[in-house]
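Numbered from 1 within each chain, the chains take letters A, B, ... in sequence-line order.
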2 protein chains.
Amino acid sequence: MAIREDPSDIWEFKRPGIAVDVVLLTIIDGELKVGLIKREEDPYHGKHALPGRFVRYEESITDTARIAIESKGNIKANGIYLEQLYTFGDNLDRDTRIRTISIVYYGLVKAEVIDRQKESKFRWEPVYGLPPLAFDHADIIKSAVERIREKLFHTGIIFNLLPNEFTLSELQHAFEIVLNDSLDKRNFRKKMNEIYVLKDTRKTRMEGAHRPAALYSYVKTR
Amino acid sequence: MAIREDPSDIWEFKRPGIAVDVVLLTIIDGELKVGLIKREEDPYHGKHALPGRFVRYEESITDTARIAIESKGNIKANGIYLEQLYTFGDNLDRDTRIRTISIVYYGLVKAEVIDRQKESKFRWEPVYGLPPLAFDHADIIKSAVERIREKLFHTGIIFNLLPNEFTLSELQHAFEIVLNDSLDKRNFRKKMNEIYVLKDTRKTRMEGAHRPAALYSYVKTR
DNA sequence: ACAAAAGTGTTCCAAATACACCCATGA
DNA sequence: TCATGGGTGTATTTGGAACACTTTTGT
């Protein structure tokens with residue numbers, strides 16, 4: 001795109017491979033989980049790794065990310081919030097077989113849409129208790145979580161982890177799970193009303209021997 | 001790197017080109033400037049563009065960025081602060097000739113090290129008054145500036161635009177130039193002492209008919 | 001003596017934090 | 001009636017913003 005060598009030159013030298021890898025996050029059973037694939041080949045045989053895919057010539061990179069999610073994670077990729085994290089291309093030996101540049105995205109998935117088949121190579125593993133990972137994928141997952149934390153109070157990103165209707169306690173728990181820290185209930189509710197417009201659905205959820213909770217839906221970030 | 005197709009497959013399909021483009025910024029004559037190259041070919045003949053380079057197989061991507069800077073900008077690239085901004089790979093028609101993915105870096109250059117030869121294809125143009133740019137490079141420059149602004153008060157990034165010894169007024173002007181806004185002198189100095197450790201060099205700079213200013217050097221960010 | 005930038009503290013306001021009790025329900 | 005989570009307001013602290021005068025030098 002910019003001024004550089006004449007593009008016809010590009011056919012003349014050997015080019016690195018380019019792939020998209022995705023840090024898929026969701027909340028299952030009150031835990032933050034990341035979608036990983038158990039490797040069945042070397043290097044890192046038996047370790048877990050982020051799902052990924054090589055970028056095809058005719059494919060935009062977000063398309064590549066979505067196709068990777070659908071084919072590896074067996075999830076319908078529309079309705080997944082996707083954002084670019086970082087591009088890794090400095091360690092020439094990451095993939096020992098071919099020099100590969102990796103564009104990493106993170107994606108937030110509502111628990112409702114995940115396919116909970118057991119026994120697949122694709123598994124949801126706890127972020128705060130990761131299994132042994134291939135390559136530097138543990139660091140990548142950590143930086144994805146940090147990035148999300150930074151955006152939590154400035155954007156409506158959290159609602160990508162919640163059903164369309166939720167109680168304020170569920171909302172607070174989602175924040176706490178992502179932050180891995182507890183929050184004060186009253187201050188939290190005050191802040192929610194400051195940063196978001198939430199619609200009271202006039203419905204309630206009754207579960208357990210206690211007062212029913214009001215159900216809200218997300219309208220917009222102020 | 002991650003689980004994806006067998007890497008041997010990668011030789012089987014046509015791959016996009018991959019390049020690094022660099023938003024080089026410096027302060028010259030009290031103005032924020034970006035290093036651009038005037039295109040002498042289509043598309044965008046006569047427009048300005050970011051310097052860039054295709055990534056070679058054996059080159060890390062920061063190496064690619066540094067080589068692009070040295071060869072296009074005629075600047076010694078060591079001592080330039082470089083950080084990755086974003087990777088653009090969704091618009092399949094950015095470069096009309098070949099599908100190219102562009103990894104964009106931004107770099108901060110001390111004015112002292114730039115080569116001020118006139119008449120070169122490489123020129124320093126004012127960020128707040130850009131000439132007509134090729135592709136979407138105007139947007140890219142804006143987002144680089146935004147990114148730097150976000151980091152200004154949390155990191156020591158600003159010192160990459162200043163000589164090793166500087167007065168507090170120079171420091172404030174650098175902030176103001178990057179922010180494109182003015183700051184209160186007393187609050188500014190208070191904050192500098194909160195976020196940085198600055199060393200008083202015990203030297204002063206006398207220039208003009210007024211009290212000489214103390215010279216400081218940057219030690220670290222608190 | 002005056003012009004010009006260097007240097008220095010206090011007051012005010014807004015935002016974040018800490019904190020405790022009543023409510024509605026099922027068992 | 002008791003156990004459980006739902007729901008609400010005020011006082012305190014902290015950090016950011018506004019603001020004006022004295023100092024040191026050269027001319």
(message) For the aromatic rings, using the six-membered ring if either is Trp, is the centroid distance between A/Tyr44 and A/Phe135 under 6.0 Å?
(response) yes
(request) Report which part of the nucleic acid A/Thr167 touches: base, sugar-phosphate, or nothing (heavy-atom distance under 4.0 Å, all strands). (result) nothing
(message) I want to verify a distance call: between D/dG6, C/dG7, D/dT25, whose nearest atom is closest to the A/Lys185 side chain?
(response) D/dG6
(message) Of the listed nucleotides (D/dG7, C/dG7, C/dT25), which one gets closest to any side-chain atom of A/Pro212?
(response) C/dT25
(request) Please state how far atom CZ in B/Phe188 lies from atom C1' in D/dA18, giving the value in whole angstrom units. (result) 17 Å
(request) Would you kindly compare A/His210 and B/Glu170 by the position of their nearest DNA chain C nucleotide and give the one closer to the 5′ end? (result) B/Glu170
(request) Can you tell me the distance, in whole Å, between the CZ atom of A/Arg205 and the C1' atom of D/dT4? (result) 17 Å
(message) Expressed as a whole number of angstroms, how long is the span from B/Arg211:CZ to C/dG7:C1'?
(response) 5 Å
(message) Can you tell me if A/Arg189 touches the phosphate of D/dG7, counting only side-chain N or O atoms and a distance under 4.0 Å to OP1 or OP2?
(response) yes
(request) Measure from the side chain of B/Arg186, starting at C-beta and using heavy atoms only, and say which of D/dC19, D/dT8, D/dG9 lies closest. (result) D/dC19
(request) Please report the C-alpha distance between B/Val104 and B/Val22 in whole Å, then the side-chain angles of each, then the deciding distance to 0.1 Å, and finally whether the side chain to side chain contact (heavy atoms under 4.5 Å, CB included) criterion is met. (result) CA-CA 6 Å; B/Val104 179; B/Val22 185; over 6 Å; no
(message) Please verify the inter-ring angle class for B/Phe188 with B/Phe175; under 30° counts as parallel, over 60° as perpendicular, anything in between as tilted.
(response) perpendicular
(request) Could you state the atom-to-atom distance from NZ of A/Lys190 to P of C/dA15 in whole Å? (result) 12 Å
(message) Using the side-chain heavy atoms of A/Ala209, tell me which of these nucleotides is nearest: C/dG26, D/dG6, D/dT8.
(response) C/dG26
(message) Without decimals, in angstroms, what is the distance between A/Glu194 CD and C/dA14 C1'?
(response) 11 Å
(message) Taking only side-chain N and O atoms of B/Ser169, does any of them lie within less than 4.0 angstrom of OP1 or OP2 on C/dA5?
(response) no
(request) Find the distance B/Gln172:CD to C/dG7:P and express it as a whole number of Å. (result) 12 Å
(request) Side-chain contact test, heavy atoms from C-beta onward, threshold under 4.5 Å: evaluate it for B/His48 versus B/Ile37 and give yes or no. (result) no
(message) Just checking A/Arg222: does its CZ atom have more than 12 heavy atoms from other residues, nucleotides or ligands closer to it than 6.0 angstrom?
(response) yes
(message) From CG of B/Leu198 over to P of C/dG7, roughly how many Å is that when rounded to an integer?
(response) 12 Å
(request) Would you mind telling me which of C/dG7, C/dC19, C/dT25 lies closest to the side-chain atoms of B/Ala214? (result) C/dG7
(request) Send over the distance from A/Glu207 CD to D/dG5 P, rounded to a whole Å. (result) 10 Å
